[in-house]
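Residues: numbered from 1 along the sequence shown. Note: hydrogens, waters and symmetry copies are ignored here, and every other heavy atom, side chains too, is used.
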Amino acid sequence: MNIAVCVKYAVDAQQVKFDPKTGEPLLKAAPRKLSDMDRRAIEEALRLKEKLGGKVVAFSVGDAAVKNAVKEIYAMGVDEVHIVADDKLKEVDTTTTAKLLAELIKKVGSFDLILCGAASTDGYSWLVPGKIAAFLNVPFVPNAVALNVENGKASVESDMGDGIYKFESSLPAVVSVLLEINEPRIPKLSDILKASKKKAEFHSLEDFEVEFVNSGVEEIRMPKVERKRVIFEVKDNVDEVVEKLIAELKKEGVL
């Protein structure tokens, strides 16, 4: 069972700080990490490998900082890591990202299953896995919370928002996973030490025919939130004050 896993070295959105004057996010100083759902995809791939044998190969594309993810990926137990690292990829759109990942996967080999996080920690577009499937011309099953592979087919339980749906797909296929599918393993110290000695296979961006399209996001700013400074004084009639408070909340659309 050969499994490909697509991962993103994403901005840790929970630790992003904003310039108090301009409201712009200070992304250059923001810490990066493997996207949370992508770590679940790696964990699910490793569990399938332990059950069925084979190998797990990780793929990632992005700016030069993606090189810093190699050690963490190997420490989890992945067999190979293939990367396209180029600063030209810093702000490309989801279609460009998906096509490049698909072309990289095809270049490296043939895979029975391609796993992805359903959405990245910083972008949350939910688009890349489906587009990868389209470029590879294979079935796509989204939002997996449970996955089983048997007799050349993938059985998937997917959270589609209004309920859990059960799907069955032939292989090869692309499956995107949600946080609920598993809890990623914590690498042992010995695994971390071994990972530091392993090297990723880096591929040149020029080797791929990909049309670059900017993401289209012109700017990101922190919204300005000003206090209403409405004060309700409670003297004798508490019920009257409560009614005024409820009326004000309804006026603001809170209730």
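In this structure, I42 is a member of the same hydrophobic cluster as Y9, with clusters built from ILVMFWY side-chain heavy atoms closer than 4.5 Å. A single hydrophobic cluster is not seen to contain both V141 and L178; linkage of ILVMFWY side chains at heavy-atom distances under 4.5 Å, directly or through other members, places them apart. Cluster annotation: L136 is connected to V84 through the hydrophobic network of ILVMFWY side chains, with a link wherever side-chain heavy atoms come within less than 4.5 Å. Note on I186: it does not cluster hydrophobically with L189, by side-chain heavy-atom contacts below 4.5 Å among ILVMFWY residues.
Between the side chain of S35 and the backbone N or O of T121 there is at least one donor-acceptor pair closer than 3.5 Å. A side-chain donor-acceptor contact under 3.5 Å links D93 to the backbone of T96.
In this structure, CG in N143 is found 11.0 Å from CG in L179, a value given to the nearest 0.5 Å. The CZ atom of R47 sits 8.5 Å away from atom CD1 of I181, with the distance rounded to the nearest 0.5 Å. Atoms CZ and CD1, from F202 and I83 in turn, are 4.5 Å apart once rounded to the nearest 0.5 Å. Taken to the nearest 0.5 Å, the OG atom of S120 stands 10.0 Å off from the CG atom of D36. One distance of note links CG of L245 with NZ of K250; it measures 11.0 Å at 0.5 Å rounding. Here M37 contributes atom CE and S176 contributes atom OG; the two are 9.0 Å apart, rounded to the nearest 0.5 Å.
Taking each heavy atom of L34 and A69 in turn, the nearest pair found is CD2-CB, 4.0 Å. Nearest heavy-atom pair across S158 and V156 is OG-CG1, 3.5 Å. Between S60 and V66, the closest heavy-atom pair is OG-CG2, 3.1 Å. Heavy atoms only, all atoms of each residue included: F135 and A98 are closest at CD1-C, 3.9 Å. Listed here is the closest heavy atom pair of L171 and A154: CD2-CB, 3.9 Å. Smallest separation of non-hydrogen atoms from S196 and L193: OG-O, 2.6 Å.
A salt bridge (charged side-chain N to carboxylate O under 4.0 Å, His left out) check over residues 97-118, counting only residues at least two apart or in different chains, returns the pairs E103-K106, K107-D207. Pairs engaging residues 139-157 under the salt bridge (charged side-chain N to carboxylate O under 4.0 Å, His left out) rule: K153-E168 [sequence neighbours left out].
Under the rule for a salt bridge (charged side-chain N to carboxylate O under 4.0 Å, His left out), the partners of R185 that lie at least two apart in sequence or sit in another chain are E43, E50. By the side chain to side chain donor-acceptor pair (under 3.5 Å) test, T95 is found to be paired with K131, residues two or more places apart in sequence or in another chain being considered. Listed by chain and number, the residues in a side chain to side chain contact (heavy atoms under 4.5 Å, CB included) with E183 are R40 (sequence neighbours excluded). With sequence neighbours excluded, no residue satisfies salt bridge (charged side-chain N to carboxylate O under 4.0 Å, His left out) with E209. Residues meeting the side chain to side chain donor-acceptor pair (under 3.5 Å) test with S190, sequence neighbours left out: none. Remark: T97 engages no residue in a side chain to side chain donor-acceptor pair (under 3.5 Å) (not counting sequence neighbours). For D162, the side chain to side chain donor-acceptor pair (under 3.5 Å) test picks out Y165, with sequence neighbours left out. Considering only residues two or more places apart in sequence or on other chains, K67 meets the salt bridge (charged side-chain N to carboxylate O under 4.0 Å, His left out) condition with none of them. The salt bridge (charged side-chain N to carboxylate O under 4.0 Å, His left out) test applied to E240 returns K244, not counting sequence neighbours.
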- request: Report the C-alpha separation of M1 and L113 in whole Å, then their side-chain angles, then the decisive distance to 0.1 Å, and conclude whether the side chain to side chain contact (heavy atoms under 4.5 Å, CB included) test is met.
  value: CA-CA 8 Å; M1 183 88 183; L113 181 66; 3.8 Å; yes
field: Stepwise side chain to side chain contact (heavy atoms under 4.5 Å, CB included) check, V57 with I3
entry: CA-CA 6 Å; V57 181; I3 306 172; over 6 Å; no
task: Output, in order, the C-alpha distance, side-chain angles, deciding distance and verdict of side chain to side chain contact (heavy atoms under 4.5 Å, CB included) for F59 and V5.
output: CA-CA 6 Å; F59 296 87; V5 185; over 6 Å; no
message: Checking C6 against I114 for the side chain to side chain contact (heavy atoms under 4.5 Å, CB included) test, could you report, in this order, the C-alpha distance in whole Å, the side-chain angles of both residues, the deciding distance, and whether it holds?
response: CA-CA 7 Å; C6 298; I114 298 94; 4.1 Å; yes
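Inter-residue side-chain proximity for P142 and P129 is flagged as unmet; no heavy-atom pair is nearer than 4.5 Å.
Between K88 and E206 there is a salt bridge, since at least one side-chain N of the basic residue sits less than 4.0 Å from a carboxylate O of the acidic one.
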Under 3.5 Å donor-acceptor pairs involving side-chain atoms of residues 70-82, not counting sequence neighbours:
unit_1 : atom_1 : unit_2 : atom_2 : d
Y74    : OH     : V81    : N      : 3.3
Y74    : OH     : K199   : O      : 2.9
D79    : OD1    : K49    : NZ     : 2.9
D79    : OD2    : K49    : NZ     : 3.0
D79    : OD2    : V56    : N      : 2.7
E80    : OE1    : H82    : NE2    : 3.0
E80    : OE2    : K55    : NZ     : 3.3
H82    : ND1    : H203   : NE2    : 2.9

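Applying side chain to side chain contact (heavy atoms under 4.5 Å, CB included) to L115 and the options V174, D38, V7, L147 leaves one that passes, L147. Paired with I132 under the rule side chain to side chain contact (heavy atoms under 4.5 Å, CB included), one option of L101, L127, L100 passes, and it is L101.
With hydrogens and angles left out, the side-chain atoms of N148 and K51 include a donor and acceptor closer than 3.5 Å.
Between F140 and F167, the ring centre distance reaches or exceeds 6.0 Å.
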